[in-house]
Every structure is written in structure tokens, then in C-alpha cells.
Student: 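This is the structure I want to talk about, given as C-alpha cells.
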Amino acid sequence: MWNKSDVISGLYLSVIDSHPVAIRQINSASFSIETDAEYFHRIPVEQFFERYFSLDIANQTLFDDEFHSRFPHLTKRLLQLEGLRVLRQDPYEALVTFMCAQGIGMAMIRRQVAMLCRCFGKELHGNLSGTDTPLFSFPDPQELADADPEMLRSCCNNNSIRANNIREASRLAAIGALDLHALSEPSVPLSEIQRELTSLRGIGYKIADCIALFGMGRFDAFPIDTHVEQFLSAWFSIGSSRSGLSQKRYLHLQREAVELLGASLAGYAGHHLFHCWRTTERNMKAF
DNA sequence: ATCCAGGGAACCC
DNA sequence: GGGTTCCATGGA
């Protein structure tokens with residue numbers, strides 16, 4: 001268990017992008033993932049850390065020498081994100097949480113996920129290092145597939161369309177028609193992941209790529225949201241300043257970004273740029 | 001009241 | 001097919 005001051009001070013991880021379910025926040029100052037490791041993954045905690053925090057990826061390798069020489073001002077700023085990790089989250093968790101993330105702010109996204117866990121997850125009984133705040137697991141597909149519609153809607157910011165989309169995706173996952181773990185095989189082409197996930201209602205390219213990047217360990221997947229679109233234009237002159245992402249424009253920008261950042265870790269690097277843009281350019285808080 | 005927040009889908013030439 | 005318009009919701 002780490003507390004936030006350790007993290008921010010750069011003790012080990014200077015910044016963690018705490019996407020809603022990535023880290024269970026215990027209170028305003030501390031968080032834990034210990035119980036997640038044992039509860040969900042049934043593997044030793046050390047192995048879980050290594051894998052969950054993608055400690056096999058060295059941040060110094062995200063941007064090559066050519067990038068550094070072309071964008072020295074960015075290089076300097078990216079150094080401040082030395083500890084930023086992209087997490088290997090559970091694919092179903094990533095699917096649901098990013099389905100909650102359309103046209104809505106981060107605070108609202110987190111609130112939705114917290115409510116989903118509290119309403120439909122199982123209470124966890126781990127050793128929480130002295131705190132007695134209850135933690136809840138993320139619900140599994142069957143639990144959301146069977147969810148009471150009204151309660152599910154209340155967990156989804158009262159958006160019934162979103163709630164129905166999540167229930168249907170969960171139903172497909174529960175009966176095996178949607179096999180997220182098979183899709184997570186490294187040999188599966190990104191285009192197939194996109195095709196499979198976008199066939200679900202409520203999931204377009206952006207959310208599909210987020211699920212691949214954060215939930216399937218596909219660090220080559222490069223999701224483009226409003227912030228990414230902004231920094232692609234402002235920093236790299238990729239795409240014009242006009243907004244509006246048609247499907248074709250999305251794929252076009254994505255190809256150019258991957259060409260700039262390199263195919264293998266484009267999404268991982270992109271997330272560093274995403275964080276850099278939000279914190280240094282938009283003055284948004286990391287947590 | 002108005003606009004924004006880590007988009008998606010319906011709709012129209 | 002490809003681009004524009006509408007959609008939904010709560011908070012600042």
C-alpha cells in the first residue's frame with residue numbers, strides 16, 4: 001500500500017493515473033490494490049505489482065532520440081512524469097469503466113464506477129493496513145447482466161442508454177459470446193479488437209482503443225479523445241485545429257500518431273503525452 | 001442560463 | 001461511404 005504523498009514525491013511512482021478501478025481509493029490520502037491482487041488474479045502480490053503497473057516497460061524507451069531532438073521542450077516536461085505507469089487492468093473492468101466515460105468528466109466517471117462497485121460488487125475482507133473503510137470488488141459480467149435496471153441506471157449517472165449498453169455488453173460477456181480474454185491474446189490484431197468491440201452498442205473507436213490499451217495490455221493501441229486530438233494538433237501539427245472526429249479522421253490521425261511515436265508502444269507514449277498535456281498545458285490535476 | 005466533460009449513433013447527401 | 005447533427009446528464 002502506498003499513500004499519495006509517497007507517490008507524488010516520486011518515492012517510486014511519481015504519478016499514477018488512477019483510473020476509477022485501477023486503484024481503490026481508501027480515503028483522500030491513500031489507496032490500495034492489495035486485495036485486488038488476491039481477489040481477482042489469484043497470483044502472488046509481487047507478480048501482480050510487476051504486471052499491473054507494467055514494471056516491465058521502461059519509460060526512458062518510450063520516446064526515441066529523434067523525438068527528443070525534434071521536441072526538446074516536451075522532453076523536459078516528460079521527465080516530470082518519470083513514474084507514470086499505464087496499468088494492465090482487467091479487460092471487463094476497462095470495458096465497463098470506459099463505457100461510463102463518454103462525454104462526461106473524470107470526477108463523474110469515478111463516481112459511477114465507485115457506485116457500480118458498491119451496489120453490485122462483493123465486499124472485500126482484506127487486510128487494509130489499519131483502515132476500516134470497506135472496499136468492494138468490481139462486479140463481474142453476470143452481476144451486471146442481472147442488475148436491477150433502475151439501480152444500474154442510478155449508477156450510470158442516470159443515463160438509461162448507457163446503463164442498457166453496459167447491461168447488454170455484460171450479458172454477452174457472461175454467456176461467452178464476447179470473449180474478452182481471447183481478444184486479449186497478444187497475437188490478435190488491433191484492427192480485430194476494434195472491430196469486435198465497436199460491434200457493441202456504446203463503444204466506438206476511442207473506447208475500444210482505451211479498452212485495448214488499459215484493459216488488454218495493448219500498449220500499441222492509441223486512443224484519441226478530445227485532449228489527444230488537441231495535443232496532436234498543437235504539438236505535432238497532426239490534424240488541423242478543427243474539432244470533430246469522424247471515423248475516417250480518427251483512423252487517419254491514429255496512423256500519423258503511430259508513425260510519430262513508433263508502433264510498439266504508441267499508446268503508452270501517448271498516455272504520457274496525454275498526462276503532460278492535461279497537467280502542464282491545461283493545468284488539470286493528476287488525481 | 002450556458003457550457004463543458006477522456007463520444008457515440010442516427011441521419012442525410 | 002463520409003461528414004454533420006443530435007443525444008444524454010450533472011456540475012461549474
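Order of the sequence lines sets the chain letters (A, B, ...), proteins ahead of strands, with each chain counted from 1.
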Student: For residues Phe98(A) and Phe214(A), establish whether the separation of their ring centroids is below 6.0 Å.
Tutor: yes

Student: Tell me the interatomic distance from Leu253(A), atom CG, to dG3(C), atom P, rounded to whole angstroms.
Tutor: 11 Å

Student: Quickly work out the Leu245(A) CG to dG6(B) P distance and round it to whole Å.
Tutor: 15 Å

Student: Between dG6(B) atom C1' and Tyr250(A) atom OH, what is the distance in whole Å?
Tutor: 11 Å

Student: So that I can tick it off, tell me whether Lys122(A) and Asp140(A) are bridged by a salt bridge, with the cut-off set at under 4.0 angstrom between side-chain N and carboxylate O.
Tutor: yes

Student: Using a strict cut-off of less than 4.0 Å between a Lys/Arg side-chain nitrogen and an Asp/Glu carboxylate oxygen, indicate whether Glu185(A) and Arg218(A) qualify as a salt bridge.
Tutor: no

Student: When you measure from the side-chain N and O atoms of Arg153(A) to the phosphate of dT9(C), is any distance below 4.0 Å, counting only OP1 and OP2?
Tutor: no

Student: Produce a footprint string for nucleotides 8-13 of chain B: one letter per nucleotide, 5' end first; B if the base is under 4.0 Å from any protein heavy atom, S if only the sugar-phosphate is, - if neither.
Tutor: SSS---

Student: Reading DNA chain C 5' to 3', how would its secondary structure be written in dot-bracket notation, given Watson-Crick and G-U pairs with both distances under 3.5 Å, brackets [ ] for crossing pairs and | for partners on other strands?
Tutor: |||||||.||||

Student: Within the 4.0 Å heavy-atom criterion, would you say Ile104(A) contacts the bases, only the backbone, or no part of the nucleic acid?
Tutor: base

Student: Measure the distance from CD on Gln112(A) to P on dA8(C) and round it to the nearest whole Å.
Tutor: 16 Å

Student: If you look only at pairs with a residue in residues 155-210 of chain A, which of them pass as a ring-ring contact (aromatic ring centres under 6.0 Å, His included), with sequence neighbours excluded?
Tutor: Tyr205(A)-Tyr250(A)

Student: Determine, stepwise, if the pair Phe138(A) / Asp90(A) fulfils side chain to side chain contact (heavy atoms under 4.5 Å, CB included).
Tutor: CA-CA 10 Å; Phe138(A) 194 87; Asp90(A) 175 83; over 6 Å; no

Student: Can a side chain N or O of Thr226(A) be found less than 4.0 Å away from OP1 or OP2 on dG7(B)?
Tutor: yes

Student: Test your reading of the model: is there a side-chain donor-acceptor pair from Asn59(A) to the backbone of Leu84(A), 3.5 Å cut-off?
Tutor: yes

Student: Salt bridge or not for Arg88(A) and Asp56(A), using N-O below 4.0 Å?
Tutor: yes

Student: dT4(C) and dG6(B): how far apart are their C1' atoms, nearest whole angstrom?
Tutor: 22 Å

Student: Can you say whether the rings of Phe67(A) and Phe71(A) are parallel (under 30°), tilted (30 to 60°) or perpendicular (over 60°)?
Tutor: tilted

Student: Could you tell me how far apart Arg162(A) (CZ) and dG10(C) (P) are, to the nearest whole angstrom?
Tutor: 11 Å

Student: Is the distance from OP1 or OP2 of dG6(B) to the nearest side-chain N or O of Arg278(A) less than 4.0 Å?
Tutor: yes

Student: Using OP1 and OP2 only, check whether a side-chain N or O of Arg282(A) sits under 4.0 Å from dA5(B).
Tutor: yes

Student: Tell me: CG of Asn158(A) to C1' of dC7(C), nearest whole Å?
Tutor: 16 Å

Student: If you draw a 6.0 Å radius around CD in Glu259(A), do more than 12 non-hydrogen atoms from other residues or ligands fall strictly inside?
Tutor: no

Student: Find the distance Met99(A):CE to dG6(B):P and express it as a whole number of Å.
Tutor: 19 Å

Student: Using the C1' atom on both, measure dG10(C) against dA1(B) and round to a whole Å.
Tutor: 15 Å

Student: What is the distance, rounded to the nearest whole Å, between atom NZ of Lys248(A) and atom P of dT4(C)?
Tutor: 13 Å

Student: Does the ring center of His271(A) lie less than 6.0 Å from the ring center of Phe274(A)?
Tutor: yes

